[in-house]
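To start, the structure under review is shown below, and the notes come after it.
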Amino acid sequence: MSHSTITFLGGGNMAGAIYGGLVDNGFTETQITVIDPSESAQQQARNVGLSCVLSAAPETIDDDLLVLAVKPQIAATVLASLKGKLSASTTVLSIIAGIDSSSLAAMLGLTNTSTIIRCMPNTPSMVNEGMTALLANDQCSESGRMLAEQVMAAVGKTLWVQEESDLDIVTAISGSGPAYFFLFMESLTEAAIKLGMSLPEARLLAVQTAVGSAKLASVSDEDLAKLRNNVTSPGGTTQQAILSFEQAGLRSVVDDAVSAARKRSLELSEEFGA
């Protein structure tokens with residue numbers, strides 16, 4: 001596994017986070033190839049020491065893993081250029097949102113989905129704190145599964161799911177989730193400023209509270225409600241704030257937002273699928 005070779009089709013920020021994590025975990029420049037026509041993506045790859053940077057796909061791709069990291073809007077065109085070029089032993093790992101395994105196979109000219117693994121990472125992967133869900137066909141090789149998991153574990157935690165529809169839920173929770181927390185931190189920062197804090201002070205209070213709370217939740221064996229109750233004294237300030245959130249229907253707002261994100265994920269799958 002340590003000698004596995006990986007090609008990234010697309011070298012944007014998420015691909016950069018992933019191959020950067022691989023380099024940090026001991027992968028060498030001879031094991032990683034990046035294909036992207038843009039100069040900025042090529043320079044990003046060179047900045048982490050990669051020298052095999054291509055502007056177009058070679059005639060054949062026989063790496064152990066091909067990571068599809070292009071935008072869904074151009075996937076059909078870009079993947080069509082790979083028809084007939086993939087080795088039968090190459091596992092395909094797609095981080096393209098909204099395009100299911102059958103559509104990916106059709107775009108690549110494959111007869112089935114046995115070599116395709118889909119995954120949904122999120123942007124905290126850029127700081128090695130990502131959350132990635134993976135989905136593989138039952139016929140996918142164990143070595144392919146292990147390599148895909150190793151790649152995504154280089155930038156955070158991983159979770160295998162069982163159905164294509166599960167990835168729509170993952171998209172609505174952890175895929176879009178960082179934006180939800182940024183919105184809450186943004187709101188908390190604005191509230192602090194209204195009460196008289198400066199922007200740097202307010203941002204520090206909001207962001208570090210989020211960091212500390214997330215870290216506490218990640219290492220604690222207690223459920224989230226218990227952790228919340230631990231800082232909610234009867235008659236205290238936190239209880240008043242929580243009561244205000246509940247009366248405003250925060251849980252219902254979150255439920256509606258997640259449902260809207262999942263619905264949009266389904267729409268994108270229909271829009272960009274083959």
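- Side chain to side chain, S265 and D168 meet the donor-acceptor criterion of an N or O pair below 3.5 Å.
- Side-chain contact, S101 with E164: a donor N or O sits under 3.5 Å from an acceptor N or O.
- Side-chain atoms of N137 and T113 form a donor-acceptor pair, as typed in the model, at a separation below 3.5 Å.
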Run the side-chain contact (heavy atoms from CB on, under 4.5 Å) test on V92 and L104 for me, step by step, so that the C-alpha distance in whole Å, both residues' side-chain angles and the decisive distance to 0.1 Å come before the verdict. CA-CA 9 Å; V92 178; L104 291 168; over 6 Å; no
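- Side-chain atoms of S187 come within 3.5 Å of backbone N or O of L183 as a donor-acceptor pair.
- For CZ of R264, the number of neighbouring non-hydrogen atoms (other residues, nucleotides, ligands) closer than 6.0 Å is greater than 12.
- The line from CG of L9 to OG1 of T33 is 11.5 Å long, rounded to the nearest 0.5 Å.
- Taken from CG in L167 to CG in L134, the straight-line distance is 8.5 Å, to the nearest 0.5 Å.
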Please step through side-chain contact (heavy atoms from CB on, under 4.5 Å) for the pair L159 and M131, ending with a clear verdict. CA-CA 8 Å; L159 171 73; M131 181 66 236; 3.6 Å; yes
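- The two atoms that bring M152 and C119 nearest to each other are SD-SG, 4.2 Å, heavy atoms only.
- Remark: the backbone N or O of S174 is paired with a side-chain donor or acceptor of N122 at under 3.5 angstrom.
- Criterion: ILVMFWY side-chain heavy atoms under 4.5 Å apart, direct or through other members. Under it, L66 and L54 are part of a common hydrophobic cluster.
- With respect to E29 and R46, no salt bridge is recorded, no charged nitrogen being found less than 4.0 Å from a carboxylate O.
- Distance CG/L68 to CD1/I99: 9.0 Å, rounded to 0.5 Å.
- Put simply, the side chain of S218 gets close to the backbone of K215: a donor and an acceptor are under 3.5 Å apart.
- Within a 6.0 Å radius of CZ in R262, other residues, nucleotides and ligands contribute 12 heavy atoms or fewer.
- Here the side chain of N229 pairs a donor or acceptor atom with the backbone of A225 at under 3.5 angstrom.
- In L195, the CG atom is crowded: over 12 heavy atoms of neighbouring residues, nucleotides or ligands sit closer than 6.0 Å.
- No more than 12 heavy atoms of other residues, nucleotides or ligands lie within 6.0 Å of CD in Q162, so this atom counts as exposed by the packing criterion.
- Here the side chains of Q208 and V211 are in contact, with some heavy-atom distance below 4.5 Å.
- When the side chains of ILVMFWY residues are joined at heavy-atom separations under 4.5 Å, either directly or via intervening members, V53 and V67 end up in two distinct hydrophobic clusters.
- A 4.5 Å side-chain heavy-atom check between L227 and S220 finds at least one atom pair inside the cut-off.
- A salt bridge links K263 with E267; the closest basic N to acidic carboxylate O contact falls under 4.0 Å.
- In this structure, W160 and E149 approach most closely via the heavy-atom pair NE1-OE1, 2.7 Å.
- No side-chain heavy atom of L204 sits less than 4.5 Å from a side-chain heavy atom of P200.
- Note: F184 and F245 have tilted aromatic rings, judged against thresholds of 30 and 60 degrees for the angle between ring planes.
- Counting heavy atoms from C-beta on, the side chains of I95 and I18 come closer than 4.5 Å.
- Distance check: S94 OG to M120 CE gives 8.5 Å after rounding to the nearest 0.5 Å.
- With T238 contributing its side chain and V231 its backbone, the two residues share a donor-acceptor pair below 3.5 Å.
- A donor-acceptor pair under 3.5 Å is formed between the side chain of S81 and the backbone N or O of V78.
- L108 CG to L79 CG: the interatomic distance, rounded to the nearest 0.5 Å, is 4.0 Å.
- Here the closest heavy-atom approach between residue T115 and residue A88 is recorded as CG2-O, 4.1 Å.
- Using a 4.5 Å cut-off on side-chain heavy atoms (C-beta onward), K226 and N230 make contact.
- A donor-acceptor pair under 3.5 Å is absent between the side-chain atoms of S176 and the main chain of A172, judged by distance alone.
- Closest heavy-atom contact between A153 and T158: N-CG2, 3.7 Å.
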Show the numbers, then the answer: is there a side-chain contact (heavy atoms from CB on, under 4.5 Å) between N112 and Q139? CA-CA 10 Å; N112 58 62; Q139 285 76 49; over 6 Å; no
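- With hydrogens and angles ignored, the 3.5 Å screen pairs a side-chain donor or acceptor of D64 with a backbone N or O of T5.
- With contacts defined as side-chain heavy-atom distances shorter than 4.5 Å, the pair V161/I169 does not qualify.
- Checked by atom type, the side-chain pair D36/Q44 shows no donor-acceptor distance below 3.5 Å.
- Checked by atom type and distance alone, the side chain of Q31 pairs as donor or acceptor with a backbone atom of T28 at under 3.5 Å.
- The shortest heavy-atom contact between S233 and Q239 is O-CB, 3.7 Å.
- You'll find the side chain of Q150 stays beyond 4.5 Å of the side chain of M146, heavy atoms only.
- Across every non-hydrogen atom of A57 and L82, the tightest pair is CB-CD2, 3.5 Å.
- Hydrophobic clustering (ILVMFWY, side-chain heavy atoms < 4.5 Å, transitive): I116 and I61 are in one cluster.
- Between L205 atom CG and M197 atom CE the span is 5.0 Å, to the nearest 0.5 Å.
- Cluster membership check: L65 shares its hydrophobic cluster with L50, using side-chain heavy-atom separations under 4.5 Å among Ile, Leu, Val, Met, Phe, Trp and Tyr.
- With hydrophobic clusters built from ILVMFWY side chains whose heavy atoms lie under 4.5 angstrom apart, I96 shares a cluster with L86.
- Side-chain contact check for I6 versus D63: every heavy-atom pair is 4.5 Å or farther apart.
- Although no hydrogens or angles enter the test, the distance criterion places a donor-acceptor pair under 3.5 Å between the side chain of S38 and the main chain of A41.
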